[in-house]
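Worksheet: the structure to be examined is printed underneath.
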Amino acid sequence: AQSVTQLDSQVPVFEEAPVELRCNYSSSVSVYLFWYVQYPNQGLQLLLKYLSGSTLVKGINGFEAEFNKSQTSFHLRKPSVHISDTAEYFCAVSAYNTNAGKSTFGDGTTLTVKP
Amino acid sequence: DGGITQSPKYLFRKEGQNVTLSCEQNLNHDAMYWYRQDPGQGLRLIYYSQIVNDFQKGDIAEGYSVSREKKESFPLTVTSAQKNPTAFYLCASRGTGELFFGEGSRLTVL
């Protein structure tokens, strides 16, 4: 079984400030890790993914995330946010080569960027 | 452009009616999924299909049905047995691990 915990339901931040959205997971098998972004009344878009290799992953729109196996975390960071980054962010895990590729999602973090 | 197309975007239903949500993909992906999203909650898996003519129940399949007669199509029917169908429904297909999502269908029961 897999589970994902996003530690903050809402994160308010001022424009041009750095931000970190926290994600912890649990799984009995190796997993792939993902961050998705959702704008109002739209589907989810992939921000970045960790499949293997380097634990620091860079994604679109200046976001990056670091996989920490010992702490079972995959926190999302951006050094300087813009108003347009205001959205819902979801962390997800998918079991490696098992479980029919089903993804388990966290409850989401609402990022609000204020001017 | 390649992607997932969901229709309709908005749908209103009277109690006791069945409705079908369409999901079409041109990404040549084998696996497809239906998720339900409620405010303040993550995505919950309704049904998934790994190959044509085969599908499995997800975590909240009661009151829903699906079919997978073609690789490109994975329609979801919300039946009258679903007690609380008002929600945002998302269809997805799987690439190399990650999911590709449609724009969603918002169903409201009047």
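The basis for the numbers below is simple: all heavy atoms, side chains too, and nothing from hydrogens, waters or symmetry mates. Order of the sequence lines sets the chain letters (A, B, ...), proteins ahead of strands, with each chain counted from 1.
- In the hydrophobic cluster analysis, where Ile, Leu, Val, Met, Phe, Trp and Tyr join through side-chain heavy atoms closer than 4.5 angstrom, B:Phe101 is grouped apart from B:Phe74.
- Within residues 107-115 of chain A, the residues that have a heavy atom under 4.5 Å from a heavy atom of chain B are A:Asp107, listed by number.
- Distance check: A:Leu46 CG to B:Phe100 CZ gives 7.0 Å after rounding to the nearest 0.5 Å.
- Using a 4.5 Å cut-off between heavy atoms, B:Leu99 touches chain A through backbone and side chain atoms alike.
- No continuous path of hydrophobic side-chain contacts links B:Trp34 to B:Phe88 [ILVMFWY only; heavy atoms under 4.5 Å].
- Side-chain contact check for A:Phe90 versus B:Gln37: some heavy-atom pair is nearer than 4.5 Å.
- Of the atoms belonging to A:Leu44, heavy atoms from both backbone and side chain fall under 4.5 Å from chain B.
- Contacts between B:Leu43 and chain A at a heavy-atom distance below 4.5 Å involve backbone atoms as well as side-chain atoms.
- Of the listed residues A:Ser9, A:Gly106, A:Ala92, A:Gly43, the one with more heavy-atom pairs under 4.5 angstrom with chain B than any other is A:Gly43.
- Only the side chain of B:Tyr10 has a heavy atom closer than 4.5 Å to any heavy atom of chain A.
- Enclosure of atom CD1 in B:Ile51 is not indicated, since only 12 or fewer non-hydrogen atoms of other residues, nucleotides or ligands lie within 6.0 angstrom.
- Distance check, rounded to the nearest 0.5 Å: CD of B:Glu98 to CD of A:Gln45 gives 13.5 Å.
- Both B:Leu76 and B:Val19 are members of a single hydrophobic cluster when ILVMFWY side chains are connected at heavy-atom separations under 4.5 Å.
- With a threshold of 4.5 angstrom between heavy atoms, B:Tyr35 approaches chain A through side-chain atoms but not through N, CA, C or O.
- The neighbour count for B:Lys57 NZ, taken as heavy atoms of other residues, nucleotides or ligands under 6.0 Å away, does not exceed 12.
- Hydrophobic clustering (ILVMFWY, side-chain heavy atoms < 4.5 Å, transitive): B:Leu90 and B:Leu21 are in distinct clusters.
- Across all their heavy atoms, B:Lys9 and A:Asn41 have their closest contact at NZ-O, 3.0 Å.
- Summarising the geometry, atom NZ belonging to A:Lys102 is positioned 9.0 Å from atom CD belonging to B:Gln50; distances are rounded to the nearest 0.5 Å.
- Residue contact with chain B, scored on non-hydrogen atoms closer than 4.5 Å, involves the side chain of A:Gln38 exclusively.
- Criterion: ILVMFWY side-chain heavy atoms under 4.5 Å apart, direct or through other members. Under it, A:Tyr89 and A:Val13 are part of a common hydrophobic cluster.
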